[in-house]
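For reference, the structure is listed below as structure tokens.
We name chains A, B, ... by the order of the sequence lines, and we start the count at 1 in each one.
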Amino acid sequence: MRKFVKMMALMLSVLLVSVFGLTACGGTGTNPNKPGPMKPSEVDENTITIKVVKAGFGVDWVYELKDKFEAAFAEEGYKLNIMTPAREINGDNVIRELYDGYNETKVDLYITGDVIVDKVGEKGEYGVLVEELSDLVYDEKPISYDGTEEELTISEKLSPDVVPFITDSTGKVTGFNWVQSSAGLVVNTRKLAQYGITQLPRTTDEMFAAFEAIYLGANGVGNSIVSKTYPITYVPGTANGYAKCFLNTLMAQYSREFYDQFWSFEDAQGNNLSDADAQNLFKHEAVKEMLNVAYRTFDKYIAAPGSTNQRLDQAQAKMMGNNNGAVFMFNGDWFLNEVKLNYPTVLGDIDFINFPVVSALGKKLFGAGTSYNLSDAKADELLSYIIGLVDENKSIEEIISAVQTNKDITLAQADAQEVARARGVSYSRGVEHIAYITKGTPKKEIAAKLLRMMASDDFGKTFTRLANGATPYYAEVITDSEYAFVNNSSKIPANNYFSLISARANGYRFQLLGTNAEFTSIAQGHIPNHVVTTLNAGVYKNGEKIGSIDEYFTAATTLLNNEYQNVVNNWQAFKNKAGLN
Amino acid sequence: MVTTEKKRSKYSRLERKDFPFVYLMVLFPVAQFLVFWVYVNASSIALSFQNAAGEFTWNNFDTVFKAFTKADIFNRNLIDPLKRSFILWLAGELLCFPVSLITTYVLTRKIAGHYIFRVCYIVPSLMGSIIWTMLVSEMVSVSGPVTLLLTELGVKLPDDVTLGGLLAANETAFPTILAVKVLMGFIGNNAVLTGAYTRVPTELFESAQLDGADFGTELFKIAIPCISPTICTLLTFSLCSIFTCDYNVWLFTNGSGAYETSTIGFELFNLTYMLSQGGNDYGYPAALGVTLTILTMPVVIFGKWALEKIFTNVEV
């Protein structure tokens with residue numbers, strides 16, 4: 001027995017040593033293309049130390065940037081010391097390090113994920129932790145790889161949509177948005193084609209038609225129970241906000257003016273809305289239509305089994321695999337990067353498209369009671385047709401002409417523009433990715449030069465090639481990738497009608513509610529999760545359609561009313577809590 | 001007559017010599033309390049009386065009151081989460097603790113294969129809670145062995161289980177978490193209790209055996225009374241967590257607390273996390289924390305008094 005115990009102890013020891021040993025192997029910097037951090041003694045006054053978040057776009061680009069930057073400034077001897085990239089270069093971790101200050105950390109620049117400008121500015125808990133970038137970066141011109149300057153200043157190159165995300169409440173520009181990424185619809189086209197559907201859905205009604213074909217079976221393929229292929233999968237809970245991106249986009253598609261008011265409780269001039277006007281936002285048509293779509297989309301009976309309680313990697317497996325897999329998933333243009341290691345042989349199966357446009361917009365513009373007076377189906381058909389033209393980057397005049405020729409409908413310019421605007425709305429996760437120069441670093445000029453290089457077209461091309469993504473300063477349509485996913489996702493930011501949104505409370509709403517949740521009456525305001533966990537609609541079950549979709553709309557109306565009532569009932573409490581009496 | 005008799009000290013000179021040492025020893029836990037409780041919690045206590053503008057207010061406590069009586073500003077009622085926390089706590093203390101007293105004693109008495117059993121007991125408690133939770137989540141997922149076994153056995157499972165596993169249905173999610181808590185609870189105090197049992201002199205057992213005592217008598221009349229100070233301490237500590245017992249609900253439910261699983265500890269964390277996403281307005285969760293502490297205090301004080309009455313100190 002004693003021998004056995006000794007043997008067990010030895011085996012456990014070996015196991016522990018090997019586990020810790022292997023752990024220590026990570027990030028040693030032995031790859032010559034990705035050199036590890038320098039020794040502190042090697043960091044001189046011309047070397048800036050940077051920390052980079054390891055996210056969906058990988059980190060290959062930062063090492064190429066290092067080579068180009070050091071080559072461009074070889075004469076000055078500028079060097080980059082890249083600390084081992086990690087997922088943890090994010091949120092409060094970065095704020096803590098910034099609070100410790102440069103003298104403690106010796107880090108000059110943080111290229112982070114989700115760090116809100118106000119948290120590191122004057123309004124933040126710890127005061128100003130970062131350098132202002134207006135003079136250092138935005139009024140300057142981008143620096144190309146050969147060291148020359150581009151023609152336009154960075155401010156001139158940057159989309160105005162990004163400005164709120166890099167500017168704190170006091171009006172100081174302290175953040176540098178370094179990536180433009182679009183959330184959208186990932187589609188497994190190989191699976192979808194089995195049902196005879198080759199066109200990716202452009203409207204929500206087209207998406208639901210595809211859902212039904214997959215769930216009930218079509219084109220000789222059995223229903224989902226038989227085929228083990230389901231319309232959709234998602235990640236519930238708070239771990240993932242991709243489904244929320246979809247719902248927010250629907251509201252912005254329906255009315256951008258409403259959307260901006262919904263997240264700010266302010267009018268276009270920046271004045272606070274009255275109590276009643278702000279409360280009424282919660283029963284706006286845009287919210288109602290969004291909820292109608294939400295309830296139809298997140299019915300757990302049409303989702304791949306396991307979707308109601310899974311992690312992101314499990315959802316990815318359902319998209320890429322067959323058994324109990326799914327055809328659609330809300331994700332982003334980073335999806336291919338995230339799955340390419342585990343599914344290298346089936347990357348050609350997936351494609352990417354901007355979120356379908358809410359069909360209610362078609363009814364609003366072209367439906368009964370409008371000058372077009374089309375039926376719901378015809379209105380959606382017209383909406384889809386125009387979206388197709390928008391996706392092809394046609395001008396408004398070309399769109400009007402094509403509609404006249406092919407649909408025999410005289411399209412008003414304002415309506416064509418409204419559809420183009422709605423299609424161009426893209427939910428950006430990129431604006432959450434901000435770089436900051438540490439307050440008080442003596443090397444802020446060098447760090448600023450690096451940021452200026454990141455705003456160049458040259459770097460944009462690097463980022464496109466290595467990360468399959470775009471920067472806010474450069475977007476190009478890729479045509480030569482072996483993957484349709486990459487080619488099609490690159491079209492979104494390069495589209496003429498592209499405009500970005502994000503869902504973050506600001507202005508008066510931020511003061512009043514202080515959170516980024518859409519709704520106040522459900523856990524964390526997480527609508528997709530609320531639908532998944534509470535809806536028992538009885539519309540689809542066991543591979544059959546057993547009820548009417550009105551069930552969804554009833555449930556949506558109930559939630560809408562509950563939310564409105566909760567907002568009205570607690571308005572004074574919100575104000576008291578926020579100290580806004 | 002004036003009495004000039006000198007007042008006699010309660011302590012001898014020898015005892016007084018020990019005072020510096022004793023005070024120095026007491027100083028350490030007192031300093032620890034001041035730093036790690038008073039200092040750390042001072043801002044939380046202050047926050048509970050402030051609104052977002054930093055002004056004094058009772059509104060946070062009003063919100064807490066409404067949360068327990070009707071619904072808070074986020075339309076959530078905290079009575080059910082509180083009940084669930086209490087159920088988890090009861091399961092741990094009324095079921096797991098007595099069982100672990102017996103199982104640990106059996107292992108301490110070195111039955112055949114006790115080393116193997118001990119390793120089996122200790123290895124799960126060495127695993128990180130994230131790994132353990134992930135493992136359990138997989139086991140009870142829609143294609144996990146537990147769910148498949150139940151299906152094979154002909155157990156009629158709710159629809160939601162067939163869609164998302166045992167943690168994705170109102171009927172099964174909390175019972176599953178409770179079952180996991182109970183299973184893990186059996187091994188929870190193994191290390192501490194083993195240490196306590198091994199300090200009981202073997203002579204006591206030998207003497208009892210000569211008098212014809214059986215296993216039960218040894219356990220209940222000798223072993224357990226001898227380790228009563230340890231039991232008293234463990235139970236007192238457990239009383240401190242009576243209202244905040246959450247048992248990894250956040251991890252089990254991907255942060256949603258859905259399917260009727262949320263506990264008060266989860267809600268406390270959830271509220272703080274939710275409010276941290278947009279600003280620094282932590283008044284409501286701070287007030288909730290203070291309220292729970294105030295509720296817990298008499299329970300702990302009375303519980304400690306009662307436990308000390310029940311478990312009289314035994315010198316061995």
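- Only the backbone of A:Ser307 comes within less than 4.5 Å of a heavy atom of chain B; no side-chain atom from C-beta onward does.
- The candidate with the highest count of non-hydrogen atom pairs below 4.5 Å against chain A, out of B:Ile73, B:Thr162, B:Asn51, B:Val142, is B:Ile73.
- Atom NZ of A:Lys545 sits in a crowded spot, with more than 12 heavy atoms from other residues, nucleotides or ligands closer than 6.0 Å.
- Of the atoms belonging to A:Gln511, not a single heavy atom falls under 4.5 Å from chain B.
- Using a 4.5 Å cut-off between heavy atoms, B:Glu138 contacts chain A through its side chain alone, with no backbone atom that close.
- Using modelled atom types, no side-chain atom of A:Asn566 and backbone atom of B:Phe74 make a donor-acceptor pair closer than 3.5 Å.
- For A:Ile522, the part lying under 4.5 angstrom from a heavy atom of chain B is the backbone only.
- Counting heavy atoms of neighbouring residues, nucleotides and ligands inside a 6.0 Å radius, atom CZ of B:Phe117 does not exceed 12 of them.
- Pairing each heavy atom of A:Gln310 with each of B:Asn254, the nearest pair is O-ND2, 3.0 Å.
- No part of B:Asp62 comes within reach of chain A, as not one of its non-hydrogen atoms sits under 4.5 angstrom from that chain.
- Among the candidates B:Thr63, B:Asn59, B:Asn60, the single residue satisfying the side-chain contact (heavy atoms from CB on, under 4.5 Å) test with A:Asn576 is B:Asn59.
- Under a cut-off of 6.0 angstrom, the local environment of CZ in B:Phe65 is sparse, with at most 12 non-hydrogen atoms contributed by other residues, nucleotides or ligands.
- Shown here is B:Leu153, whose CG atom has more than 12 heavy atoms of other residues, nucleotides or ligands within 6.0 Å.
- Under a cut-off of 6.0 angstrom, the local environment of CZ in B:Phe36 is sparse, with at most 12 non-hydrogen atoms contributed by other residues, nucleotides or ligands.
- In the displayed structure, B:Met184 atom CE is contacted under 6.0 Å by more than 12 heavy atoms of other residues, nucleotides or ligands.
- Top candidate by heavy-atom pairs under 4.5 Å with chain A, chosen from B:Gly164, B:Ser141, B:Ala169, is B:Gly164.
- Heavy-atom minimum distance, A:Tyr301 versus B:Asp159: OH-OD2, 3.1 Å.
- With a 4.5 Å cut-off on non-hydrogen atoms, A:Val532 touches chain B through its backbone and its side chain both.
- Residues B:Ala168 and A:Asn309 share a closest heavy-atom pair of CB-CB, 4.0 Å.
- For A:Tyr99, the OH atom counts as loosely surrounded, since its 6.0 Å shell holds 12 or fewer non-hydrogen atoms of other residues, nucleotides or ligands.
- Neither the backbone nor the side chain of A:Asn569 comes within contact range of chain B, judged by heavy atoms closer than 4.5 Å.
- Counting heavy-atom pairs closer than 4.5 Å to chain B, the top-ranked of the candidates A:Arg311, A:Glu563, A:His530 is A:Arg311.
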